[in-house]
Student: 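What follows is a single structure, and I will ask about it in a moment.
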Amino acid sequence: MNRKVVIIIDGQKITAREGEKLLWVALENKVYIPHLCAVKEQERPTAGCRLCFVEIEGTCNPVTACTQPVKAGMTVKTRTPAVDRLVRTAFELLLSEHRLNCGECPKNGSCELQKIARERGLKLNLHRLKPLSKKVIIDDSPRSFAFDAGRCVLCGRCVWADHRIAGVGAIGFSRRGIHRRITTFADRELAQSPCTECGLCVEACPVGALYFKKN
Amino acid sequence: MEGKKETISNYVCEILKNYSVERRNLLPVLREVQEKLGYLPVRAMEKVAEALGIPTVDVYGAATFFNLFRLSPPGKHQIKVCMGTACFMAGGQIALDSFERRLDVRTGETTPDGEFSLEEVACVGCCSLAPVVVVDDFVEGNVTPTRVDGILLSWDIGKKKQREQD
Amino acid sequence: MDVSLTERAYIKMKAASINNLKYLEDKPVIRVGTGTCGKAAGALRIREAFKDELTRKGIDAGVVEVGCMGHCYAEPLIIISKPGFPSLCYGKVDEVLVKRLVEDFLINNDPCYEFAMAALEPNDIFPTFRDFPRGVYEEKMILENCGFIDPEEIDFYIARDGYSALADVLNMEPGEVLGEVKASNLRGRGGAGFPAGIKWEVVRKAGNGMKYVICNGDEGDPGAFMDRNILESNPHQVIEGMIICAYAVGASLGYLYIRSEYSQAIRRVNNALRQAREKNLLGASILGSAFCFDLEVFSGAGAFVCGEGTALINSMEGGMGIPQHRPPELAVSGYLGEPTVLNNVKTFCYVPLIMRKGADWFKKTGTPGSPGTAVFTLAGKIAGPGLVEVPMGTTLRQLIFDVGEGIPRNKKFKAVQIGGPSGGCLPEQALDIPLDFDSLEEAGAMMGSGGLVVLDEDDCMVGMARFFLNFTQQESCGKCTFCRLGTKHMLEILKAITRGEGDMASLETLRELAEDVKTGSLCNLGKTAPNPVLTTLKYFRDEYEAHIKGKCCPSLKCPDLIAYFIEPDKCSKLCNICVGSCPVEAIYTRDNGLKAINRDKCVKCDNCLKACPPEYSAVIKVSPPGLVEEREREMK
Ligand SMILES: Cc1cc2nc3c(=O)[nH]c(=O)nc-3n(C[C@H](O)[C@H](O)[C@H](O)COP(=O)(O)O)c2cc1C
Ligand code: FES
């Protein structure tokens, strides 16, 4: 087992196992760091959402907490001007392609984006950027849940749940760059895919992209 | 239709014989399938996934990620307009616009009669001839809108001759 | 003992190769450059023309296909070596010249000097490339053999001492080999300039398990092709470098990752691997030693991002080409999780030379921080485009004005874009910085892929920034927020500016986004993508402001901000050339015979401007487009 070390996060002394990822250490100690894509069990973190930035004494640029192993004596700051600037931009970028209609969203109140906005004092609207229009495509072919791609933030947690927890392989990433999205094989409806409706992907979704239908 | 599906499967099975059942063979296999069939039909991707023991959606992911792969059959003639740096500066966009206008398709599409597909490519390595267009495997240099008309006209004439001979 | 064994094997092999090439002695040899560039310019036709002509005239001469010498402006290019004459190089060869050369030179001993470009060896009769302005600065290390040897015949390489470094290395301790590479301070030529020796050492020390050596030939910069050129013209030198690397780090298997578009390179490398295996330079107990190593080609499937190490590995493992967070570095956990050396084509190319001639020899060229040479693809507004190899530390000014022979048509230099989509645009005042890894990075550009594009007064800097960003935006893998969305928004802002729809606030947003994408992105694609924007904003802000405030493109390039106009006092009225040239019938004749352009129909293709005879030069471009109405009002 890895040895225990003491680190300092925002002035608070915290004991942790050496090599554990900083994000989980902070969260377990009630220090909030925004995050969307991180999955604790993942050996090599995705590090795609770029929201979990923190500053570590001795390094010049902010680093992502989900990839940063804990080392003895590490001093971490979760809020600095540089961190706040990156998080603000990353958040606004994500919102620019997220269909913002919280009032009608089934995750209203439990959405991770709302939580980040609340914790970091960020607005749930765009002020520098123009929205990138995404076609509204809702796949409600499964009996129990639906997928609204216009709300997807591409964190990939559903793919992890589908492939690695459920072991099904019904959904995955396809295409590249700005066209990257979550789809089934050949863009079929979920009902036409190997999906077993276990619901694990829906539970993994941090936003209102995958949601259970109301009975 | 059923028969076509069968041939696709047969081709793919034939190709798969040369590879071990390992995920890392995915790209070489897909490349060979496309070389054989001209594109990656759904049936072929399913077959490859089954043979390599990976989810179909993973094959789809790779097939849609890389520029090389196409999911629909290509046109009989492929027109590739170079969009490398030198060609861009010398008016590659103008050449591309001209083809779009004349063929009435957008880049990446195939004409409805299946005759031409229009694509962009990165530097083909003859920058001194910029702007360059590769028609099938033939390189055309210094392509102006006039030359675009010339290229298409020569195809038309060629086709008419063919018809007359037939 | 081993010592004599590998050396004896090599001596025998070299003697055999020289013997195999005997048939080319004592008769004229015609070398035809058939790299992709040469082929595009019609080299195969020229080769056939020579063969036909030689047969017709019954002349005994060798016709050899060679790679590319880098003089792309002069393709198709041939070299004729005839006993009694210096080897002479001829450019822009066509069928007529073929006939003449056979008739006058091969039969009648008149080398047609008026068509020759240069001689290859110093002589009393004709200047060599060394006597060219570019020859003074050029120093060929890794391109030396390109264009002289037949890449499809291993004998050519071996006869020129190829694989002798390998034969020596196999008698050394792997640690000694590594020591020499470290001492040479060879820095990676794939862009970042990381010292190769240090990377190799990590892999060497990583235990005794499976290890891999991979050559990165995924060259994705839309304007660079030196790696392709080397793979096509001299594949064995890369292979030899890789075998030496494998010996030094203890790897037993390697791959050459080559872009799928480079079909000729893939074919030639596969052929080279086969020949090397036949000669026991690859495979089990190489040259009779105890060392075993083999190489295979993996052809990429066309994605710029796969040039990034972790993405390259992911694609080789059967996934999408998506980069991953580092560490772990590839040297610790690379292909299939094993320690892996990944180096660029050029980096491997230097290795046999360093082993043959020593680290000190290598360090004599270049600067202390960046020893050796640098290879560039010169393109854009330059009189002598092509591939060049110059010592590190050469200044941009020397490279552009001496080696590249300056800007054609007496135009004014505006900027140089260096390092491709990850590099930056540098202005006139930066021309005296020396070209090496560190100086360029300081200036905001990057050595990158070695693409170097010269821009003159007719090129729009905003348009250039937009071109490169469009490329990186399309090639982004899409995993991380900054690169996927940040570059997209930056591109949208740039598009708006080039359409005349930008405002000063969006310019500020553009800068902020560029800085954040640079610090916040996951991999180096995103981290470097903003460079073209940041450098143009820094050095050419006035052009951005002209687009925004004046709705004007000062270089008359951005289609939405220009209009074509026919100057009434210059138009001949009687000539109809412009009318015929227009692909959309936008040009009409007024009652008085004057031509005019219907702006609603005009697609701004430049055809009429090119077609109008130079004695009139009546077609002009104006910006902003509103100026046309002003002129028309004046006319009335
Ligand atoms: C987006 C991107 C594209 C790259 N493309 C290439 C390439 O085409 N060829 C190359 O050798 N290195 C490329 N690199 C750099 C490689 O990741 C890596 O640093 C290099 O191959 C290491 O070899 P070297 O040390 O010999 O330079 C690229 C990097 C990035 C981030
Ligand atoms: S949680 Fe770290 S990048 Fe997404």
Student: Check this for me: does any side-chain nitrogen of one of B:D113 and B:K76 sit under 4.0 Å from a carboxylate oxygen of the other?
Tutor: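 No, no charged N to carboxylate O under 4.0 Å.
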Student: Heavy-atom distances under 4.5 Å only: say whether A:H163 touches chain B with side chain, backbone, both or neither.
Tutor: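 Just its side chain gets close to chain B.
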Student: Check whether A:S193 gets within reach of chain B through its side chain, its backbone, both or neither, counting any heavy atom under 4.5 Å.
Tutor: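 A:S193 has no heavy atom closer than 4.5 Å to chain B.
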Student: If you count heavy-atom pairs under 4.5 Å with chain B, which of A:D187, A:T183, A:V168 comes out on top?
Tutor: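 Most heavy-atom pairs within the cutoff with chain B belong to A:D187.
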Student: What part of A:R188 gets closer than 4.5 Å to chain B, counting heavy atoms only: side chain, backbone, both or neither?
Tutor: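 Just its side chain gets close to chain B.
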Student: Please check if the side chain of B:T110 supplies one atom and the backbone of B:G114 the other of a donor-acceptor pair under 3.5 Å.
Tutor: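 No: the side chain of B:T110 does not pair with the backbone of B:G114.
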Student: Quick test of your reading of the model: are A:K213 and A:D140 salt-bridged, counting only N-O distances below 4.0 Å?
Tutor: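 Judged by the 4.0 Å cut-off on N to carboxylate O distance, A:K213 and A:D140 do not form a salt bridge.
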Student: Taking the side chain as everything from C-beta on, heavy atoms only, tell me whether A:N108 gets closer than 4.5 Å to A:Q114.
Tutor: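 The answer is yes; the side chains approach within 4.5 Å.
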